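Here the structure is laid out as structure tokens; the discussion comes afterwards.
Every chain is numbered from 1 and lettered A, B, ... according to where its sequence line falls, protein lines coming before strand lines. This structure is a prediction, so every number in the text was calculated from the model and none was measured.
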2 protein chains.
Amino acid sequence: MLSEQLIVETALRMLREHGSAGLSARRLGLALDADPSTLYRYFRGMDDLTLAIGDALIGQALQGWRPTGEWRSDLRGLGLRIHAVYVGHPQAALLTANRVTGRAHELAADEAILDVLRTAGFPLPDTVRIYQAFIDQTLAFAALDAASLALPRESLSADEDMWRSTYARLPRTTHPRIAEAAHLLATRMVDSAYPTALEMLLDGAAAQWEALRSRG
Amino acid sequence: MLSEQLIVETALRMLREHGSAGLSARRLGLALDADPSTLYRYFRGMDDLTLAIGDALIGQALQGWRPTGEWRSDLRGLGLRIHAVYVGHPQAALLTANRVTGRAHELAADEAILDVLRTAGFPLPDTVRIYQAFIDQTLAFAALDAASLALPRESLSADEDMWRSTYARLPRTTHPRIAEAAHLLATRMVDSAYPTALEMLLDGAAAQWEALRSRG
DNA sequence: GGATAAGGTCAATGGTGTTGGCATAAGGCG
DNA sequence: CGCCTTATGCCAACACCATTGACCTTATCC
């Protein structure tokens, strides 16, 4: 009746509906119509469940992805996919974005990224360096963007209101620069800065590739 | 006897010593030799205390900073200072890096960044865009770098060990790319990728400044 | 048909944030 | 001086949390 997959799916749904503080063994058991202690038959604890949720996100990002052979568009696609899935599950992303799960889907993603770079002809040291910069930047922006999406709903303290209640009402005498920019800061971009940053990173990698190519 | 500042300082010390899960109202009260409920005379709740901790970090980063008038080095200095303070308090950074406190020091930091750009002659829309990219990138990397420093100590699950126990032992048949890179991945950089990414962002801003200057 | 093991329940333990009521002490003011 | 107000701290309690060990089905294999 119960299964690891069903539990993870239910947990993801609860995170979406009740916020990242709404996930607890008790509530999860209630949603599954099972005793909370039952969950410990499938996971060592809530932390283990958290890692499983994170791995499910990565798996969802990689689903259906196939390398094209053009390393730049492949990396772009992988980064945007991972970022999109995390932003699509903000509460879950907050819990998992900075964890190393070591589970199947995460390993597959790392293998895929490394394979794209190696197949393109990058030497091993450069591959590892680019890989680290690429995955770190992707997850860092994913976590930040997820946080701004997840926090307003989860808590009534609502950081979002801060922009209207505090920033927009600061007197020009004490904070002139914020005051003059208030109307622009209030309508702050919902679009993430990640795509731009990703393109800049790919530019750097391309320059390196050209340098290698010219030297032979 | 008690004071807001004393409570925040004690909380920072507890976070450093006992990890980010070791901060609780009860333990904090114990460390201050006061009843947990006393804390609610100074803060609306633990979330309010969290925001105060975050603002203390920003205040620490700005302490002693003065603008030189050269916008590029000013921004670089601000970014590196903020990043360094967050990485220096990893457990506290994890709790606060993606929150908007709306308190005095945060407002001062935002005012300082905006002032640097406006004084340099950037138009208002460009100023706001660069400001957002700059602060988001700084905080995103700060949070990610802090996470990798904070997690190993806080939990015995130790993501750090994952690299040795899992990644380094993957068979070449199923994960050839990880296997060949394992020795490089194991000795992964302790250095953050933030300085490089920051310089790239400043490059972009400089290019924009040149374009504005050539047009008049 | 009986042993074995898996899957689920129950009750209990020790932790958490938070609240309301009560005590005490300090300071302002007639 | 005496009183009143306000601030500050303590105590007891509430509702929630993760986790565990003992128990009870139920199905499956030999």
Under 3.5 Å between N/O atoms: give me all the protein pairs with nucleotides 21-25 of chain D, atom names plus distance.
none

Asp48(B) and Phe43(B): which non-hydrogen atoms are nearest, and at how many Å?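 What the structure gives for the nearest pair is OD2-CA, 3.6 Å.
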
Output the rounded distance in Å from [atom1] ([X]) to [atom2] ([N]).
{"X": "Asp47(B)", "N": "dT16(C)", "atom1": "CG", "atom2": "C1'", "result": "15 Å"}
{"X": "Asp33(B)", "N": "dC11(D)", "atom1": "CG", "atom2": "P", "result": "11 Å"}
{"X": "Leu39(B)", "N": "dT16(C)", "atom1": "CG", "atom2": "C1'", "result": "13 Å"}
{"X": "Leu32(A)", "N": "dT9(C)", "atom1": "CG", "atom2": "P", "result": "10 Å"}
{"X": "Leu30(B)", "N": "dG15(C)", "atom1": "CG", "atom2": "C1'", "result": "14 Å"}
{"X": "Met46(B)", "N": "dT19(C)", "atom1": "CE", "atom2": "C1'", "result": "16 Å"}
{"X": "Leu6(B)", "N": "dT8(D)", "atom1": "CG", "atom2": "C1'", "result": "14 Å"}
{"X": "Asp35(A)", "N": "dA18(D)", "atom1": "CG", "atom2": "C1'", "result": "12 Å"}

The side chain of Ser24(B) lies closest to which of these nucleotides: dC17(D), dT8(D), dG17(C)?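 So the nucleotide nearest the side chain must be dG17(C).
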
The nucleotide from dA18(D), dC11(D), dT18(C) with an atom nearest the side chain of Arg26(A) is dA18(D)

Select from Gly22(B) and Arg44(B) the residue whose nearest nucleotide in DNA chain C is closer to the 5' end of that strand. Gly22(B)

Taking OP1 and OP2 of dG9(D), is either one under 4.0 Å from a side-chain nitrogen or oxygen of Tyr42(B)?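 Result: yes.
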
side-chain N/O Thr38(B) vs dC10(D) OP1/OP2, d < 4.0 Å: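 So the side chain of Thr38(B) is within the cut-off, an N or O lying under 4.0 Å from OP1 or OP2 of dC10(D).
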
Cationic N near anionic O, under 4.0 Å, [X] to [Y]:
{"X": "Glu4(B)", "Y": "Arg103(B)", "answer": "yes"}
{"X": "Arg72(A)", "Y": "Glu199(A)", "answer": "yes"}
{"X": "Asp115(B)", "Y": "Arg118(B)", "answer": "no"}

Atom CZ in Arg81(A), atom CD in Gln63(A): separation rounded to 0.5 Å? 9.0 Å

Can you say whether the rings of Phe141(A) and Tyr194(A) are parallel (under 30°), tilted (30 to 60°) or perpendicular (over 60°)? tilted

Asp110(A)-Tyr167(B) side chain donor-acceptor pair, cut-off 3.5 Å: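 Present: a donor and an acceptor within the cut-off.
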
